[in-house]
Amino acid sequence: MGVSPELLIHAPFQTFLIPGLFLLFILFGGNLLSGLLILRKNAGGAYILAVMGAITILWILAQWVFMWAIFPIQVLFLLLAFGQLLLAWRYIRQTNLPLPFAAKEN
């Protein structure tokens with residue numbers, strides 16, 4: 001895709017295979033699952049959405065640390081991830097969803 005493996009010189013990976021699999025299965029799969037659950041009015045979808053937003057934020061920050069470079073698309077996805085986290089938090093608050101694994105319920 002035109003991305004040089006030289007960007008990974010400070011990263012723990014030699015190729016983009018492992019990061020690509022992470023993006024496909026964890027981030028894409030998790031966001032797809034959260035979307036399907038939200039469409040079905042399942043409360044777990046909102047929590048998965050929040051976790052996916054947080055993971056995306058951490059992923060972008062890790063890219064900046066390991067690649068020693070900041071690209072505009074990373075900034076865009078970081079802003080989208082913060083928006084995702086904010087929307088999930090707002091949805092949880094508006095629908096009064098109980099916190100998972102809350103001590104008061106156990």
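- Linking ILVMFWY residues whenever their side-chain heavy atoms come closer than 4.5 Å, directly or via other members, places Ile55 and Ile57 in the same cluster.
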Show me the side-chain donor-acceptor pairs of residues 32-43 shorter than 3.5 Å, one per line, residues at least two apart or across chains.
{"residue": "Ser34", "atom": "OG", "partner": "Gly30", "partner atom": "O", "Å": "3.4"}
{"residue": "Ser34", "atom": "OG", "partner": "Asn31", "partner atom": "O", "Å": "2.9"}
{"residue": "Asn42", "atom": "OD1", "partner": "Gly44", "partner atom": "N", "Å": "2.8"}

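- Residues Leu85 and Ala54 approach most closely at CD1-N, 4.3 Å, considering heavy atoms.
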Please tabulate, for the side chains in residues 89-99, all donor-acceptor contacts under 3.5 angstrom to protein atoms that are two or more places apart in sequence or on a different chain.
{"residue": "Thr95", "atom": "OG1", "partner": "Tyr91", "partner atom": "O", "Å": "2.7"}

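- Under the ring pair (Phe, Tyr, Trp, His ring centres under 6.0 Å) criterion, Phe82 pairs with no residue, sequence neighbours left out.
- Results of the side chain to side chain contact (heavy atoms under 4.5 Å, CB included) test with Phe22 over Ile26, Ile18, Leu24 single out Ile26 as the only residue that passes.
- By the rule that hydrophobic residues join a cluster once side-chain heavy atoms approach within less than 4.5 Å of another member, Met52 and Leu61 end up as members of one cluster.
- In this structure Leu23 satisfies the side-chain contact (heavy atoms from CB on, under 4.5 Å) test together with Leu27, Trp59, sequence neighbours excluded.
- When all heavy atoms are compared, the tightest approach of Ala88 to Ala46 is CB-O, 3.7 Å.
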N/O donor-acceptor pairs under 3.5 Å from side chains in residues 71-81, not counting sequence neighbours:
{"residue": "Gln74", "atom": "OE1", "partner": "Trp64", "partner atom": "NE1", "Å": "2.9"}
{"residue": "Gln74", "atom": "OE1", "partner": "Phe71", "partner atom": "N", "Å": "2.7"}
{"residue": "Gln74", "atom": "NE2", "partner": "Gln63", "partner atom": "OE1", "Å": "2.8"}

